[in-house]
There are 2 protein chains.
Amino acid sequence: MSVRHTAVTPQAGGAQAAGPCGDDDCGIREVLDRIGDKWTVLVIVELSKGVRRFRELQRAIPGISQRMLTLTTRRLCRDGLVERTVYATIPPQVDYRLTAMGQSLATMVSDLADWSREHKDAIGEARRHWDAAHTE
Amino acid sequence: MSVRHTAVTPQAGGAQAAGPCGDDDCGIREVLDRIGDKWTVLVIVELSKGVRRFRELQRAIPGISQRMLTLTTRRLCRDGLVERTVYATIPPQVDYRLTAMGQSLATMVSDLADWSREHKDAIGEARRHWDAAHTE
DNA sequence: CGGGATCCGAACAGATACTG
DNA sequence: CAGTATCTGTTCGGATCCCG
């Protein structure tokens, strides 16, 4: 997600203005700015299964465009969560794999996924209740 | 976050088109579509400390607008993660508190924050390396 | 194959201004 | 106090074309 965080947008590579960060909140934003976007988690999950090439990732994640896959993997590389290996062959081949830090993040993501599956039904029901009560 | 997920945007309350969800990926999106946005996590963290009124939340989360706080709390209520209590007093008073499900999510979020604090420096250094290598 | 560069519509988030 | 409504800029993501 980079979750459009005006100051910390990864593209510009700007200095982290760090904003008001006196509380304990800032820690969470750091992660969510990385995994909160539309595709990053899916890439991490796929890479947690093993080394993948660019096209393999794209096929494994239905709906992702080349552009978003490029941007996503690049951010992950930049943050040291994914390692990129280029083979100067013809045709070219590029492998992506999680770093140690990336793997530790993958377990967190996996926990989140577990939680999600556990509470999926409850959330769905809560939504139906809410939607029913607010339909007029 | 709703992380702009075209099909699952909460506002429209549209039917969840559910897309291609045969793999194990869909579970994670469910959570991230809720906590991945810019403010939701901060609200959850603040509410994990106890019951809060609207203004208290707004003051506790510097930078959030009334609008975003309203939207965020409403989504959390809709998903059954937060409970809203309205007192018909003058001036009006509204309390927000985490539900049991919301609290279990808060612990997950707390774990994420811990991870973030642990690896913050490593990520920062990885970024500097990457930025240095790609500055030309 | 693995991208880079560009254009463009859509969703989001901030800033008011107004209400009960 | 606790919102709602509207207007507007920014950012994101998809599509397309091109390159090595």
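In what follows, every chain begins at residue 1, and chains take the letters A, B, ... in the order their sequences are listed. On a predicted model such as this, the values are computed, not experimentally measured, just so you know.
Between D/dT4 and B/R74, a contact under 4.0 Å exists linking OP1 or OP2 to a side-chain N or O. For A/Y96, a side-chain nitrogen or oxygen approaches OP1 or OP2 of C/dG3 to under 4.0 Å. Checking the phosphate oxygens (OP1, OP2) of C/dA11, no side-chain nitrogen or oxygen of A/K38 falls inside 4.0 Å.
Spacing between atom OH of A/Y87 and atom P of C/dG2 amounts to 12 Å, rounded to whole angstrom units. Rounded to whole Å, atom C1' of C/dG14 lies 16 Å from atom CD1 of B/I61. Atom CG in A/L57 sits roughly 14 Å away from atom P in C/dC1 (whole-Å rounding). Atom CH2 in A/W39 sits roughly 17 Å away from atom C1' in D/dT11 (whole-Å rounding). Look at CZ on B/R34: it is 14 Å from P on C/dC12, rounded to the nearest Å. Atom CZ in A/R53 sits roughly 10 Å away from atom P in C/dG3 (whole-Å rounding). Regarding B/F54, its CZ atom lies at a distance of 8 Å from the P atom of D/dT4, rounded to whole Å. The CE-P distance, from B/M68 to D/dA5, rounds to 16 Å in whole Å.
In this structure, the side chain to side chain contact (heavy atoms under 4.5 Å, CB included) partners of B/E125, at least two apart in sequence or on a different chain, are B/R128, B/H129.
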Practice task
Would you give a per-nucleotide map of nucleotides 15-20 of chain C, 5' to 3', where B means the base has a protein non-hydrogen atom under 4.0 Å away, S means only the sugar-phosphate does, and - means neither?
Solution key: BB---B
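Residues A/R34 and A/D79 are paired through a salt bridge, judged by an N-O separation under 4.0 Å between the basic side chain and the carboxylate. Using a 4.0 Å cut-off between charged nitrogen and carboxylate oxygen, A/D33 and A/R29 count as a salt-bridge pair.
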Considering only distance and modelled atom types, tabulate donor-acceptor pairs under 3.5 Å from the side chains of residues 100-113 of chain A, sequence neighbours left out.
from   : atom 1 : to     : atom 2 : distance (Å)
A/S104 : OG     : A/M101 : O      : 2.7
A/S104 : OG     : B/W115 : NE1    : 2.9
A/T107 : OG1    : A/S104 : O      : 2.6

Exercise for the section: Report the C-alpha separation of B/E56 and B/Y96 in whole Å, then their side-chain angles, then the decisive distance to 0.1 Å, and conclude whether the side-chain contact (heavy atoms from CB on, under 4.5 Å) test is met. Expected result: CA-CA 10 Å; B/E56 289 177 332; B/Y96 295 92; over 6 Å; no
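Using a distance-only test at 3.5 Å, with no hydrogens or angles considered, no donor-acceptor pair links the side chain of B/T99 to the main chain of B/E83. B/R75 places no side-chain N or O within donor-acceptor distance of the main-chain N or O of B/T70, the cut-off being under 3.5 Å.
Among C/dG2, D/dG3, D/dC1, the nucleotide with an atom closest to any side-chain atom of A/V94 is C/dG2.
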